[in-house]
Amino acid sequence: MKQTNTIKNSIGTFDRVANRISLINRRGSIQLRWTFSGKRYHLAIPGGVSKAAIAAAYAKANAIAADIALNQFDATLFKYDSEKGGRIKRRQSEETIATLWEKYKEKKRQTAALTTQKSVWREIDRAIAALPPSALKLENIAELGNHYLNIRSANTAHRHFISLQSAIRVAIPGIKLKEQLPKMAKKPIQFFFAEEVHSILKAFQGNHYQRYVTFLAATGCRPEEAIALTPADISSSAQETECTISKIFSKGILRPYTKNSLERTVPLSDLASQTIAGGSHQLIFPSPTGQYIDQHNFLNREWRPLVTGMVEQGQLRRYLPSYALRHSFISNMLYRGVALPTIAWLVGDRVDTVLQFYAGIQTVTSSELPNLYD
């Protein structure tokens, strides 16, 4: 503990502990001030500016600094001041994870994306409803991760905790929910070989979604971009056909921008151009009922049964969702030596994104591996 030989009576900051905690002489009393995880804290030390009070202030400041360094900081402050911490705990006892989540949604309703509200928020609503009441108490927040993993996968829990953490931090500043979950290993990009894509397109011949699947494979565009296309987005001349991609349809909502807000007009290959014919007056790729394609229904009712069957028959190496057609387009274009900037422009991504996630993922077969040591 730092020794104090002189009582400093001047107004203002008179010392700092561990370069974290400031000791302030505020109107004849000592106050500790510090910031942790972006939130400011303060703690009053009783006893005026006396030698005993200053010694007590240094003791508490050292304890707080040590807990922060050891990642053991008590954001309720109960550990450092039972009276103030008690007030916070009483306030917390009136709240639950469920009530905090409802307040968070109400606060963010005007600014959060509609797709987030319709998908992620509803997922979290259902998860909270499935948790036992005891798991929703803030006093049991340290066990939330374990309870969540009993009802949802680790991947889903990671997604949900991003939003839940923001909601809960109103009552428990600095809480880091994702530390309660196992770390997620990043899965490598997976794709179909060119001959596998050819087999998939052949299998979809005669299917209502043949044109849609072919367009995805021939352009590498995101499914939600293709679903939103209208005749107005297509322009043709004697030389070429071009497509302007500037909007998406996802989770029942049409949005006037793409995933990363990169609008692009790209030329279509002969194969992609052939898919344009046959659309309706409103949509290039309508559903069987003439509406926007429901990607979830398409994936589960059309794509999954057909592709799973092809895997069982040995025509494909593994099952991959339809989004893998985008990965396949990019990786196979790289394999053919197309320049990275060109690929990024065609698929609406940044060059560094393509380089980071796709460069080097093109695998080789056993027969293509050289025998280095013969």
Side-chain angles (χ1 to χ4, degrees), residues 113-115 189 191-192 194 197-198 200-201 204 208-287 290-295 298 321-359 361-362:
L114 290 177
T115 49
I189 294 292
F191 61 97
F192 296 112
V197 175
H198 178 77
I200 291 172
L201 298 185
F204 266 96
H208 173 82
Y209 294 98
Q210 176 184 352
R211 295 186 305 107
Y212 169 64
V213 172
T214 303
F215 188 85
L216 295 181
T219 62
C221 76
R222 301 175 181 90
E224 60 269 25
E225 295 173 341
I227 293 172
L229 288 176
T230 67
D233 299 316
I234 308 299
S235 59
S236 299
S237 66
Q239 289 74 34
E240 64 180 5
T241 300
E242 292 184 322
C243 176
T244 297
I245 298 176
S246 60
K247 56 187 178 296
I248 62 174
F249 182 84
S250 178
K251 295 181 173 63
I253 298 173
L254 181 66
R255 293 191 288 180
Y257 48 84
T258 62
K259 178 181 178 181
N260 51 13
S261 300
L262 294 178
E263 180 177 330
R264 63 193 188 277
T265 299
V266 296
L268 299 181
S269 65
D270 289 342
L271 179 61
S273 298
Q274 293 170 15
T275 68
I276 300 303
S280 68
H281 293 298
Q282 291 79 32
L283 299 169
I284 296 296
F285 304 111
S287 70
Q291 307 301 312
Y292 287 105
I293 291 175
D294 185 317
Q295 179 65 6
F298 162 75
S322 56
Y323 199 93
L325 291 174
R326 175 177 173 82
H327 301 326
S328 305
F329 177 86
I330 296 173
S331 59
N332 286 310
M333 290 282 275
L334 282 169
Y335 188 64
R336 298 243 180 144
V338 179
L340 282 171
T342 300
I343 297 175
W345 166 59
L346 289 172
V347 301
D349 252 330
R350 296 176 175 83
V351 175
D352 57 336
T353 302
V354 175
L355 182 62
Q356 178 182 357
F357 292 103
Y358 295 96
I361 69 168
Q362 180 68 47

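One-based numbering along the sequence shown.
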List the steps, then state whether side-chain contact (heavy atoms from CB on, under 4.5 Å) holds for Ser235 with Thr241.
-> CA-CA 6 Å; Ser235 59; Thr241 300; over 6 Å; no
Step-by-step side-chain contact (heavy atoms from CB on, under 4.5 Å) determination, Leu216 to Tyr209 = CA-CA 11 Å; Leu216 295 181; Tyr209 294 98; over 6 Å; no
Under the side-chain contact (heavy atoms from CB on, under 4.5 Å) rule, what do Cys243 and Leu229 come out as? Steps first, then yes or no, please.
-> CA-CA 9 Å; Cys243 176; Leu229 288 176; 3.7 Å; yes
Candidate pair Arg222 and Asp349, rule salt bridge (charged side-chain N to carboxylate O under 4.0 Å, His left out), full reasoning | CA-CA 11 Å; Arg222 301 175 181 90; Asp349 252 330; 3.5 Å; yes
Give the C-alpha distance, both sets of side-chain angles, the deciding distance and a yes or no for side-chain contact (heavy atoms from CB on, under 4.5 Å) between Met333 and Val347.
-> CA-CA 11 Å; Met333 290 282 275; Val347 301; over 6 Å; no
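More than 12 heavy atoms of other residues, nucleotides or ligands lie within 6.0 Å of CG in Asp352, so this atom counts as buried by the packing criterion. Residue His198 places its NE2 atom among 12 or fewer non-hydrogen atoms of other residues, nucleotides or ligands, all under 6.0 Å distant.
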Return all side-chain donor-acceptor pairs below 3.5 angstrom for residues 338-345, not counting sequence neighbours, or 'none' if the list is empty.
none

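Put simply, the side chain of Thr214 does not reach to within 4.5 Å of the side chain of Gln274, judged on heavy atoms. Side chains of Ile248 and Pro223 form no contact here, defined as non-hydrogen atoms less than 4.5 Å apart.
Ring planes of Phe249 and Tyr292: parallel class, angle under 30° (limits at 30 and 60°).
Note: Phe192 CZ to Leu201 CG = 10.5 Å, rounded to the nearest 0.5 Å. Taking OG of Ser250 as the reference point, atom CD of Gln295 lies at 9.0 Å (rounded to 0.5 Å). For the atom pair CG of Leu283 and CD of Gln291, the computed distance is 8.0 Å after rounding to the nearest 0.5 Å. How far CZ of Phe329 is from CG of Leu334: 10.0 Å, rounded to the nearest 0.5 Å. Here the CD1-CD distance, from Ile227 to Glu225, works out to 10.5 Å after rounding to the nearest 0.5 Å. Distance check, rounded to the nearest 0.5 Å: CD1 of Ile245 to OG1 of Thr219 gives 6.0 Å.
Shortest non-hydrogen contact noted between His208 and Pro286 is NE2-O, 2.9 Å. Of all the heavy atoms in Phe215 and Ala272, the pair that sits closest is CD1-O, 4.1 Å. The minimum heavy-atom distance linking Asp233 with Lys247 is given by the pair OD2-NZ, 2.6 Å. Closest approach of Thr230 to Gln282, counting heavy atoms only: CG2-O, 3.2 Å. Residue Gly348 comes nearest to Leu262 through the heavy atom pair O-CD1, 3.9 Å, listed as atom of the first residue, atom of the second, then distance. Listed here is the closest heavy atom pair of Ile293 and Ser287: CG1-N, 3.9 Å.
Listed for the Ser261 side chain is no donor-acceptor partner under 3.5 Å among the backbone atoms of Tyr257. In this structure, Arg211 contributes its side chain and Phe285 its backbone to no donor-acceptor pair below 3.5 Å.
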